[in-house]
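Here's the structure we're looking at; comments come further down.
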Amino acid sequence: MTKTVSALFAVAGFLATVPAIAADMRAEEARSFVVENLFSFTCFEGTSGEGRVHADGSVEGAIRLGGSGPTRYATLPPGTLRVRGESICAVIHGIPFEPCFDLNRTDARGFRGSLAGMSFASCQFIKQPSRPGMASTSVPLSIKPTAASNRQ
């Protein structure tokens, strides 16, 4: 009897965590899960990359559009991502509206993000271990040799 009761509590405990893992993320949960963490991503049309969202709403990282061509370093300024009620929205210069996003936690390390109301237009994000200097600088790193490295 004791093993059965323990097993039932274990199953009940697991089931209680499932909605928190595989469910819509409200704004505050999304903020605590995403901000300052490094994520790799792959989108429905092939775009992929790696990036980080900062507490000020800025974004930076590397992106390969459409799955082909060069990988490029990109940044979006502070205030680009904002909380609007329970939604995460973007303010992007040149777009006359504020697109908002549906965020769904898929597991302990990942989430799916899509344009609100357009679930097919989505990207899958997977949390990566932080690596110093990876998508964490405010300017692109130079690949030019320094004066010190030119000495023979």
Calculate, to the nearest 0.5 Å, the distance between atoms CG and CZ belonging to D24 and R105 respectively.
12.5 Å

Other ILVMFWY residues reachable from I92 by side-chain steps of under 4.5 Å
I95, F97

Sequence neighbours excluded, every pair satisfying side chain to side chain donor-acceptor pair (under 3.5 Å) that has a member inside residues 92-102
R84-E98

Check whether any side-chain heavy atom of R82 sits under 4.5 Å from a side-chain heavy atom of V91, and report yes or no.
yes

With sequence neighbours left out, the residues meeting side-chain hydrogen bond (donor to acceptor under 3.5 Å, both in side chains) with S87 are none

Measuring from atom CD of Q128 to atom CG of L38, what distance do you get when rounded to the nearest 0.5 angstrom?
6.0 Å

Near-ring test F33/F125, centroid separation under 6.0 angstrom:
no

Holding to side-chain contact (heavy atoms from CB on, under 4.5 Å), I want the full list of residues that pass it with L65, two or more places apart in sequence or in another chain.
T47, I63

Residues in side-chain contact (heavy atoms from CB on, under 4.5 Å) with L103, at least two apart?
M25, A30, I88, F101, F111

For the residue pair T42 / Q124, report whether a side-chain donor-acceptor contact shorter than 3.5 Å exists.
no

What residue pairs, at least two apart or across chains, pass disulfide bond (SG atoms under 2.5 Å apart) with a residue in residues 28-76?
C43-C123

Could you tell me which non-hydrogen atom of S114 sits nearest to which non-hydrogen atom of S122, and how far apart they are?
CB-CB, 3.7 Å

Can you tell me how far the CZ atom of R64 sits from the CD atom of E50, to the nearest 0.5 Å?
14.0 Å

State which residues pass side-chain contact (heavy atoms from CB on, under 4.5 Å) with P78; sequence neighbours excluded, sorted by chain then number.
D56, S58

Do you reckon V59 sits in the same ILVMFWY cluster as L115, going by side-chain contacts under 4.5 Å, direct or chained?
yes

For residues 64-118, pull every pair meeting disulfide bond (SG atoms under 2.5 Å apart), keeping only residues two or more places apart or in separate chains.
C89-C100

Residues in salt bridge (Lys or Arg N to Asp or Glu O under 4.0 Å) with R26, at least two apart?
E86

